[in-house]
Peer 1: 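What follows is a single structure, and I will ask about it in a moment.
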2 protein chains.
Amino acid sequence: MARHIPSLNALRAFEAAGRQGRMTLAADELNVTHSAISRQIKHLEAMLGVPLFEGPKNNLRLTEAGTTLLSGLGSAFDQIDASVRLVADTEEGALDISCPGTFSMRWLIPRLYRFQAEHPQIEVRLTASSRPVDFDRDGFDVAIRVGDPPWPKGGEVVPLFPEQTGLVLAPPLLQTAAGDFSGLAQLHTRTRPRAWENWRARSGRTVGTGPRLDYEHFYFMLEAARAGLGVCVAPWPYVIDDINAGRLTPPFGFTDSGHHYVALRRERRNRKASLFCSWLQQEAEAFSAAHPVLR
Amino acid sequence: MARHIPSLNALRAFEAAGRQGRMTLAADELNVTHSAISRQIKHLEAMLGVPLFEGPKNNLRLTEAGTTLLSGLGSAFDQIDASVRLVADTEEGALDISCPGTFSMRWLIPRLYRFQAEHPQIEVRLTASSRPVDFDRDGFDVAIRVGDPPWPKGGEVVPLFPEQTGLVLAPPLLQTAAGDFSGLAQLHTRTRPRAWENWRARSGRTVGTGPRLDYEHFYFMLEAARAGLGVCVAPWPYVIDDINAGRLTPPFGFTDSGHHYVALRRERRNRKASLFCSWLQQEAEAFSAAHPVLR
DNA sequence: TTGCCATGTGCGGTTTCCGAACAATGATTG
DNA sequence: CAATCATTGTTCGGAAACCGCACATGGCAA
């Protein structure tokens, strides 16, 4: 990039510090540490050849040059942000969604065609992830997660439906199993390590002992269950189709897990995200109405 | 830096390409290759979720989104540039000067106090360098160099004075030397490898053979000459004081070397650089008047 | 006088960005 | 119609910019 022109990042760091009045606040706003802001400003002062701040560390004030620079930069960056929004915040283009993999496969993707039919100009970019959401770090617009409050900062919570989980296994396995399922392999997933414990506590039921098998993803665990390799605890939305098709059976029905499915969206409004979350809520309501949980 | 906000560099690359109409022209303007521009724009389109250019490679046109984004960005970057200039282009602050080391020591620094007396609010930051000037790469405001046209692009040439060089040695050495100086060590500097050859050609004179000694800088070579270690070819401005003080003597006087001392300044006007170059020219004229070359 | 808060800095690492080289594409020219 | 040209697209490997962490420094308040 052309030399002797200050770095735009440095100008941005200075603008935030000047407007906020403190480097630590600018650091929060730009999601860096105060040392990054301090260094950028120091570099900028060297580049421009004039001090931008003066005074003691605990009471920095803008110099005249700093005030002059800030007044021009503030409106320029506002204009850049507005221009970017004008282009990005439309009802067409890409929308980035983060969603647990198995939930995508079992619940979201089978319904997504309806969203795309309604909004053909929105390109949904789906990323499989169950990782805790951090809107400052992550780049997606909406994250679907199952869990409990507190939800991460910087996001608005759109409730979908509560989660129910239940014991499920293949019907032939049920016919040959002991009454308390002792001896049957107990299938676990690393994504939800406390699923069994939680189910027992919540449902008040228990089963006999059996060998434990761990799978990396729900999907693999469900495949194993369908293959008759054992019994597992699964969320209702993930197994509806298998149950209706007779591939899996829930001997004890389903119980509230205490968790909730939610969509987390950035606080800053985004039309595509709004449309998507509205659609999600409608689908969630329709889902709950059309598939009352087997209790 | 906060995620999901496009890189300012990418926005800058896009703005230049949009305004110029071609990525190759934008690359020239921003001193990068077209591949850097192409990549930045591709990344920006992915980030914003909309295409900014359309059409075949050899005739890219802005999309509607691209046009919208460009109109906002253009004025924002203009405002940033103007704000930076308002702060940097004053008659106070830092001024970066690049100058060959020995010329600094022997000619510039002994005079610099007069510039600083006239302009106490300008902080001259001097860097020793003889390297070919590239204003796109280098960050200084003014470069003093000795040489010949063509001068590098992107700079305005401010002539100072022509260069004369001559054979110089310590007086005691002159007294004991053979008439043609044969046997005396011939001192060279890597900065000016052709100095001797050029002096012989230009002056029409020659000297006997002697061992050759190479020094990395003029300064060291002149130190060696003063110490009576040999004879060297030196530019007049570098040895005036030594000659006047009787530390060196020029047996054949000085001859035009064909080179010229110039100040190279950026094309874009900079008040401090203008002041400095005006001052330099005055000092150069005064120098030439006050120290007529010994012929 | 001590603790707190904010900035400054060194060290080492990460991310962004880049150039070089070549590929791909479409228009132009002979 | 094939070759050439001009422009953009992409991969690879490296450089520069930027950053976090940990600690230092300085000034103010309790």
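Side chains are part of it too, since the values below use all heavy atoms of this structure and drop only hydrogens, waters and symmetry mates. Just so we're on the same page: letters track the sequence lines, and every chain starts at 1. This one's a predicted model, so the numbers in the text were calculated from it and none came from an experiment.
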Peer 1: Figure out the CG/P separation between L30(A) and dG20(D), and round it to whole Å.
Peer 2: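 From L30(A) CG to dG20(D) P: 11 Å.
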
Peer 1: Does N58(A) make a side-chain N or O approach to OP1 or OP2 of dG26(D) shorter than 4.0 Å?
Peer 2: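 No.
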
Peer 1: Nearest whole Å is fine: how far is dT7(D) P from L25(B) CG?
Peer 2: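 These atoms are roughly 7 Å apart.
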
Peer 1: Rounded to whole angstroms, how far apart are NZ on K57(B) and P on dT10(D)?
Peer 2: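 Checked: the NZ to P distance equals 7 Å.
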
Peer 1: Does the cation-pi check pass for R190(B) over Y215(B), that is, NZ or CZ under 6.0 Å from the six-membered ring centre and within 45° of its axis?
Peer 2: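 No, R190(B) and Y215(B) do not form such a contact.
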
Peer 1: Taking R85(B) first and then D78(B), would you say they form a salt bridge - that is, a charged N and a carboxylate O separated by under 4.0 Å?
Peer 2: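 Here R85(B) does not pair with D78(B) in a salt bridge, since their nearest N and O are not under 4.0 Å apart.
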
Peer 1: Could you give the CZ-to-P distance, from R61(A) to dC28(D), as a whole number of Å?
Peer 2: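 For the pair R61(A) CZ and dC28(D) P, the rounded distance is 10 Å.
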
Peer 1: From CG of N59(B) over to P of dT8(D), roughly how many Å is that when rounded to an integer?
Peer 2: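 Going from CG in N59(B) over to P in dT8(D) covers 10 Å.
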
Peer 1: Using a cut-off of less than 4.0 Å, is there contact between a side-chain N or O of K42(A) and OP1 or OP2 of dT9(C)?
Peer 2: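 Yes, K42(A) has a side-chain N/O under 4.0 Å of OP1/OP2 on dT9(C).
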
Peer 1: Would you mind classifying the nucleic acid contact of L60(B) as base, sugar-phosphate or nothing, using non-hydrogen atoms under 4.0 angstrom?
Peer 2: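 Since only primed, P, OP1 and OP2 atoms lie under 4.0 Å of L60(B), the category is sugar-phosphate.
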
Peer 1: Would one find a side-chain N or O of S38(B) under 4.0 angstrom from OP1 or OP2 of dT8(D)?
Peer 2: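 No, because none of the side-chain N or O atoms of S38(B) sits under 4.0 Å from OP1 or OP2 of dT8(D).
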
Peer 1: Please work out which of the three classes, parallel, tilted or perpendicular, describes the rings of F115(A) and F276(A), given edges at 30° and 60°.
Peer 2: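 F276(A) vs F115(A) ring planes: perpendicular.
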
Peer 1: Output yes when R22(A) and E29(A) qualify as a salt bridge under the 4.0 Å nitrogen-oxygen rule, no when they do not.
Peer 2: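 Salt bridge flag = no for E29(A) with R22(A).
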
Peer 1: Atom CD1 of I37(A) to atom P of dT9(C): distance rounded to whole Å?
Peer 2: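 Computing the I37(A):CD1 to dT9(C):P distance gives 15 Å.
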
Peer 1: Starting the side chain at C-beta, find the nucleotide from dC18(D), dC19(D), dT8(D) nearest to V32(A).
Peer 2: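 The nucleotide sitting nearest to the side chain is dC19(D).
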
Peer 1: If you only use heavy atoms from C-beta on, which nucleotide in dC17(C), dA20(C), dT7(C) is closest to the side chain of T33(B)?
Peer 2: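 Nearest to the side-chain atoms of T33(B), counting from C-beta on, is dA20(C).
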
Peer 1: Go through dC18(C), dG8(C), dT8(D) for me and flag the one nearest to the A36(B) side chain.
Peer 2: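 The answer is dC18(C), which lies nearest to the side chain.
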
Peer 1: Take atom NE2 of H43(B) and atom P of dG9(D), then tell me their distance rounded to the nearest Å.
Peer 2: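 H43(B) atom NE2 is separated from dG9(D) atom P by 15 Å.
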
Peer 1: Quick one: the side chain of S35(A) and the base of dC19(D), do they pair up donor-acceptor inside 3.5 Å?
Peer 2: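 By the distance-only test, no, there is no pair.
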
Peer 1: In whole angstroms, how far is the P atom of dC18(D) from the CD1 atom of I41(A)?
Peer 2: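 In whole Å, dC18(D) P and I41(A) CD1 are 13 Å from each other.
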
Peer 1: Would you state whether a donor and an acceptor, one from the side chain of R39(B) and one from the base of dT11(D), lie under 3.5 Å apart?
Peer 2: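 Indeed, a donor on one side and an acceptor on the other fall under 3.5 Å apart.
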
Peer 1: Given dG9(D), dG20(D), dG26(C), identify the nucleotide with an atom nearest to the side chain of H34(B).
Peer 2: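 My answer, after comparing the listed nucleotides, is dG9(D).
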
Peer 1: dC18(D), dG26(C), dG8(C): which one has an atom nearest the side-chain heavy atoms of Q40(A)?
Peer 2: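 Taking heavy atoms from C-beta onward, the closest nucleotide is dC18(D).
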
Peer 1: Would you verify whether the NZ or CZ of R12(A) falls within 45 degrees of the ring axis of F77(A) while also being under 6.0 Å from that six-membered ring's centre?
Peer 2: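 Yes, R12(A) lies over the aromatic ring of F77(A).
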
